[in-house]
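Below: the structure, in structure tokens.
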Amino acid sequence: MQIYLPILALMSALTFFLYGIDKRRARCARRRIPERTLFFFAALGGATGALLGMRLFRHKTRHIYFYFINGFFLLLQLALLALLAFQAF
């Protein structure tokens, strides 16, 4: 549990910045970050950062499946967090 929270925070921050970088690249018509890479980082613990990045940068908001997939990853991460918290007692 003690190591899981910092990992979630780090991955969320990294994923958040990836969404910001991808949005900037989209505006400048430069090479983009692949969607599978964005999903990969969200799955590794960055779902919160992905959802925040989508909202703050207004990026990938037209793609409904981004909400569903990142929301699913968030639920899995919260379930794992709850499981680890209850095992600590």
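Listed by first then second residue, pairs satisfying salt bridge (charged side-chain N to carboxylate O under 4.0 Å, His left out) with a partner in residues 60-86 read E35-K60, not counting sequence neighbours. Annotation: ring pair (Phe, Tyr, Trp, His ring centres under 6.0 Å) contacts involving residues 22-60, sequence neighbours excluded, comprise F16-F57, F39-F66.
Put simply, I69 and L76 are part of the same group of oily side chains (I, L, V, M, F, W, Y) that touch within less than 4.5 Å, one to the next. When the side chains of ILVMFWY residues are joined at heavy-atom separations under 4.5 Å, either directly or via intervening members, I7 and L52 end up in a single hydrophobic cluster.
With sequence neighbours excluded, the residues satisfying side chain to side chain donor-acceptor pair (under 3.5 Å) with R32 are D22. Shown here are the side-chain contact (heavy atoms from CB on, under 4.5 Å) partners of R55, two or more places apart in sequence or in another chain: Y67. By the side chain to side chain donor-acceptor pair (under 3.5 Å) test, K23 is found to be paired with no residue, residues two or more places apart in sequence or in another chain being considered.
Taken to the nearest 0.5 Å, the CG atom of L14 stands 8.0 Å off from the CD1 atom of I21. Note that the CG atom of L18 and the CE atom of M11 stand 8.5 Å from one another [nearest 0.5 Å]. Here the CG-CD1 distance, from L8 to I3, works out to 11.0 Å after rounding to the nearest 0.5 Å.
Annotation: R25, atom CZ; neighbour count of heavy atoms from other residues, nucleotides and ligands within 6.0 Å is above 12. Within 6.0 Å of OH on Y65 lie more than 12 heavy atoms contributed by other residues, nucleotides or ligands.
Between A42 and Q77, the closest heavy-atom pair is O-NE2, 2.7 Å.
Clustering of Ile, Leu, Val, Met, Phe, Trp and Tyr side chains at separations under 4.5 Å places I64 together with F68.
Contact of the L5 side chain with the L81 side chain is registered, since non-hydrogen atoms from C-beta on lie closer than 4.5 Å. L74 is listed as a side-chain neighbour of T48, based on a closest heavy-atom distance under 4.5 Å.
Screening I33, L38, L51, L56 for a side-chain contact (heavy atoms from CB on, under 4.5 Å) involving Y19 leaves a single residue, L38.
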